[in-house]
2 protein chains.
Amino acid sequence: MSNATIYDIAREAGVSIATVSQVINGKGKISDKRRQEIYRIMEELNYRPSVIASALTGKSTFTLGLLIPDISNPFFAEMARAVEDCGSRSKYSLVICSTDNKDEKVSGYLELLQQKSVDGIIIGTGVEDRDLLTPLLHKSIPIVMIAREMPGIQLPTVIVDDYAGGKKAAEHLLGLRHRSMAIITEPTKVSSSRERLRGFRDAIMSQGLELPDEMVKKTGENLLKDGKSRALELLAGSNPPSAIFCCNDLIAIGTLQAAKELGIRVPEQLSIVGFDNTILASVTEPALTTISQPTEKMGSIAVETLIRLLEGDSTAEEQARTILTPELVIRSSTASAFAGSEAHP
Amino acid sequence: MSNATIYDIAREAGVSIATVSQVINGKGKISDKRRQEIYRIMEELNYRPSVIASALTGKSTFTLGLLIPDISNPFFAEMARAVEDCGSRSKYSLVICSTDNKDEKVSGYLELLQQKSVDGIIIGTGVEDRDLLTPLLHKSIPIVMIAREMPGIQLPTVIVDDYAGGKKAAEHLLGLRHRSMAIITEPTKVSSSRERLRGFRDAIMSQGLELPDEMVKKTGENLLKDGKSRALELLAGSNPPSAIFCCNDLIAIGTLQAAKELGIRVPEQLSIVGFDNTILASVTEPALTTISQPTEKMGSIAVETLIRLLEGDSTAEEQARTILTPELVIRSSTASAFAGSEAHP
DNA sequence: TTGAAAGCGTTACCAG
DNA sequence: CTGGTAACGCTTTCAA
């Protein structure tokens with residue numbers, strides 16, 4: 001039992017498909033009688049216009065693409081949910097694309113999304129080779145960046161001030177009198193991690209302190225596992241730090257696990273600061289002090305910007321850069337640098 | 001700069017669009033020379049066939065819909081990732097639909113997916129009103145259920161044996177000599193929760209014990225928060241249980257928080273068993289004993305079944321019911337019933 | 001081995 | 001107010 005088409009409706013109503021199309025789209029002037037009748041028949045035949053056919057004539061597909069590293073990472077899942085909700089309020093549906101931060105996957109998905117004529121794309125994944133994006137820009141398909149920067153390319157962007165976030169982490173730790181701090185970042189291609197590192201380092205240096213190279217570690221793609229290994233290296237080193245700033249909650253949890261494994265007490269002997277304030281941060285023990293991003297807000301702003309672009313609002317076009325402020329959320333994974341050494345002089 | 005079409009290629013190559021179409025689809029017999037030339041031109045013009053146009057002629061849209069309660073729930077996010085990965089191996093992309101277990105949203109999304117002519121739908125969300133699905137069944141659009149049952153409707157289904165899962169939880173607790181147990185389930189419309197409850201209760205009763213009604217609590221849609229409230233009720237009651245089986249990890253975490261709030265030690269004074277074995281279970285303190293589902297396997301089996309259906313494999317058609325086995329994962333949130341009362345006589 | 005033409009379900013323009 | 005018809009980009013059948 002295939003679906004009814006506009007022809008079926010027209011035939012049944014004894015009118016032309018043009019008329020039916022007009023009532024569907026609320027255009028033209030159709031007598032109320034006809035209009036009611038046509039509605040009735042559409043109802044009766046359970047008619048639903050084909051988005052495919054309508055898209056072929058140049059109208060929207062009402063589909064948006066979302067590129068993120070990994071939907072199973074709670075931060076991105078929460079973001080996806082916000083994007084989905086906001087999109088669906090305007091009738092858009094969401095195609096999820098997990099890229100694992102791999103450029104090949106990014107370009108594969110980008111191509112796919114084009115072929116499927118999505119109306120717009122939200123990119124929340126690191127892209128190393130910016131040439132991947134330039135072809136898209138010429139194709140007039142709107143893109144907005146979320147949670148990631150694309151330096152060198154002018155694109156509407158919604159981010160938190162990652163630099164400020166890194167700084168807040170450092171200042172919190174500095175305020176707790178930590179002097180020997182380390183950082184574990186995501187791979188360098190992730191712009192937000194680079195900025196967090198910069199902010200963290202600047203805040204430290206502005207106190208006349210150093211952030212030596214051996215105190216800066218990077219993970220690979222497996223955030224949790226690599227976070228743990230890097231933390232193990234740091235903690236087992238000759239000069240272990242008293243605090244570690246982790247560029248996201250997953251890494252922070254890996255670090256927590258490393259400390260547990262080494263019998264290092266958190267926060268007494270080691271302070272840990274995470275980033276993202278995902279649900280994960282609230283369930284660990286101790287609960288994670290972390291830097292929160294307004295995920296929901298970011299998602300909805302990104303979608304709204306995109307939709308404004310779709311509607312041809314060229315105000316939005318030229319670099320709507322929305323920069324939100326990350327907030328320090330203090331829980332129980334950080335403490336004074338001397339909490340664990342009260343016996344000392 | 002709009003996209004090149006098949007006409008552009010044909011003109012450039014001095015052939016008809018039919019010929020171009022044939023080389024794209026590897027059909028018909030085209031001289032090698034022409035074929036090479038056409039490939040070259042497609043490359044040169046950066047041509048990508050429009051999925052929309054091709055779908056209109058009756059071919060696939062290469063898009064699948066996934067209905068789940070909430071993409072920001074780690075269990076479903078992990079499942080979505082598995083589905084996405086498996087689908088993308090066969091060139092399918094994934095539209096995410098978070099339903100919050102609401103029938104209106106389910107039917108809204110179902111209708112949307114039809115209008116967009118997705119090739120198939122995977123449903124992993126509770127549906128109360130089975131009549132929502134029957135129209136779909138007549139429309140010959142393949143559906144497979146994942147992690148949820150649709151009693152009364154014959155649909156290929158991939159689930160774990162939830163009854164056995166509930167049983168395993170009870171047996172574990174029983175083995176730990178718990179005698180006073182409670183359960184916190186999801187809303188009744190969630191079939192998997194009903195089964196888990198059944199298995200849990202049966203195992204208890206087969207030991208000649210009871211599961212009184214006041215020891216059975218249900219959450220609303222906010223799993224974490226409601227889980228905590230229900231646990232608080234249980235724990236603050238006149239006859240608090242020594243163990244609580246939570247129908248998913250989120251509820252278990254709520255329960256953990258409730259215990260913490262009341263100063264009840266886990267697992268010494270209260271044992272908690274979760275379900276799903278999401279990443280959350282491994283990061284709490286104490287880490288959750290939980291029943292694990294083979295998420296990844298379920299995702300890939302669901303997609304494979306769906307694709308087989310798409311390809312018209314009627315073997316798959318008639319109720320491919322795949323029932324996988326859930327496993328007990330013992331961590332640190334469960335202990336002997338008497339662990340917390342050693343001082344007693 | 002190639003091409004002409006019909007058809008997929010809509011929309012939009014123009015005539016009446 | 002209503003209908004005829006071209007167009008959207010592609011696939012497929014049938015002739016040549």
Side-chain angles (χ1 to χ4, degrees), chain A residues 1-39 41-42 45-63 91 114-119 139-141, chain B residues 1-39 41-42 45-63 111 114-119 139-141:
Chain A
M1 194 165 311
S2 207
N3 280 336
T5 74
I6 199 172
Y7 285 99
D8 301 320
I9 308 299
R11 186 174 355 94
E12 203 68 19
V15 300
S16 77
I17 60 165
T19 304
V20 178
S21 176
Q22 304 205 120
V23 348
I24 293 171
N25 298 288
K27 295 191 173 174
K29 310 218 155 295
I30 310 291
S31 68
D32 245 25
K33 195 175 142 219
R34 272 219 193 300
R35 181 185 309 277
Q36 296 309 330
E37 171 68 356
I38 289 176
Y39 273 134
I41 295 179
M42 294 197 307
L45 272 56
N46 196 2
Y47 168 72
R48 302 282 174 258
S50 155
V51 174
I52 293 288
S54 131
L56 192 55
T57 72
K59 313 242 310 191
S60 302
T61 51
F62 285 99
T63 303
K91 296 295 175 197
Q114 274 182 78
Q115 287 194 43
K116 298 199 173 166
S117 311
V118 299
D119 296 327
K139 298 247 167 102
S140 70
I141 161 160
Chain B
M1 195 165 312
S2 207
N3 281 335
T5 73
I6 200 172
Y7 287 97
D8 300 320
I9 307 299
R11 187 176 351 95
E12 203 68 18
V15 301
S16 76
I17 60 165
T19 305
V20 178
S21 176
Q22 308 206 118
V23 348
I24 292 171
N25 297 290
K27 295 191 172 174
K29 308 217 157 298
I30 309 292
S31 67
D32 245 25
K33 195 173 141 220
R34 271 216 193 302
R35 179 184 310 278
Q36 295 310 329
E37 172 66 355
I38 289 176
Y39 272 134
I41 295 180
M42 294 198 307
L45 269 56
N46 197 3
Y47 169 72
R48 304 279 176 261
S50 156
V51 174
I52 293 288
S54 127
L56 192 55
T57 72
K59 314 240 309 191
S60 303
T61 52
F62 284 100
T63 304
E111 207 148 84
Q114 274 182 80
Q115 287 194 44
K116 298 199 173 168
S117 312
V118 299
D119 297 326
K139 297 249 167 99
S140 70
I141 161 160

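Quick note: numbers below take in every heavy atom, side chains included, and nothing from hydrogens, waters or symmetry partners. Here is how names work: the chains are called A, B, and so on, in the same order as the sequence lines, proteins then strands, and each is numbered from 1.
- Taking all atoms of both residues into account, the shortest heavy-atom contact from B:Tyr7 to B:Ile17 is CD2-CG2, 3.5 Å.
- Across the protein-nucleic acid pair, B:Lys59 atom NZ and D:dT13 atom C1' stand 14 Å apart, rounded to whole Å.
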All N/O pairs under 3.5 Å across the protein-nucleotides 3-5 of chain D interface:
from: D:dG3; atom 1: OP2; to: A:Ser16; atom 2: N; distance (Å): 3.2
from: D:dG3; atom 1: OP2; to: A:Thr19; atom 2: OG1; distance (Å): 2.6

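- Here the shortest heavy-atom pairing between A:Ser60 and A:Ala55 reads O-CB, 4.1 Å.
- For the pair A:Asn25 and B:Tyr7, nearest-nucleotide mapping onto DNA chain C gives the more 5' position to B:Tyr7.
- Considering only heavy atoms from C-beta on, A:Ile6 comes within 4.5 Å of A:Tyr47 through its side chain.
- Direction of the helix axis in the helix from C:dT1-D:dA16 to C:dG16-D:dC1 shifts by 40° between the two five-pair termini, rounded to 10°.
- In this model, a donor atom of one side chain and an acceptor atom of the other lie less than 3.5 Å apart for B:Ser16 and B:Thr19.
- Two residues are said to be in side-chain contact when any heavy atoms from C-beta on lie closer than 4.5 Å; A:Val15 and A:Glu37 fail this criterion.
- If you take CD1 of B:Ile6 and C1' of D:dC8, they are 13 Å apart, rounded to a whole angstrom.
- Across all strands, A:Ser21 comes closer than 4.0 Å to base atoms (heavy-atom distances).
- Partners of A:Gln22 by side chain to side chain contact (heavy atoms under 4.5 Å, CB included), not counting sequence neighbours, listed by chain and number: A:Ile30.
- In this structure B:Gln115 satisfies the side chain to side chain contact (heavy atoms under 4.5 Å, CB included) test together with A:Arg48, A:Pro49, A:Val51, B:Glu111, sequence neighbours excluded.
- Think of the region where chain A sits on DNA chain C: with heavy atoms and a 4.0 Å cut, that region ends 5' and 3' at C:dG9 to C:dA12.
- Rounded to an integer number of Å, the gap from B:Ile24 CD1 to D:dC10 P is 7 Å.
- Protein atom NZ of A:Lys33 is 13 Å distant from nucleotide atom P of D:dC1, rounded to whole Å.
- To the nearest 0.5 Å, the span separating CG on B:Asn46 from CD on A:Gln114 amounts to 7.5 Å.
- Counting heavy atoms from C-beta outward, A:Thr63 and B:Lys116 have side chains that approach closer than 4.5 Å.
- Two residues, B:Ile52 and B:Lys27, neighbour DNA chain D, and the one matched to the more 5' nucleotide by heavy-atom proximity is B:Ile52.
- Between B:Arg11 atom CZ and D:dG9 atom C1' there is a gap of 13 Å when expressed in whole angstrom units.
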Going through the checks in order, is the side chain to side chain contact (heavy atoms under 4.5 Å, CB included) test met by B:Val20 and B:Ile24? CA-CA 6 Å; B:Val20 178; B:Ile24 292 171; 4.0 Å; yes

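- B:Leu56 has its CG atom 13 Å from the P atom of D:dT12, to the nearest Å.
- Residues passing the side chain to side chain donor-acceptor pair (under 3.5 Å) test with B:Thr61 are B:Asp119, sequence neighbours excluded.
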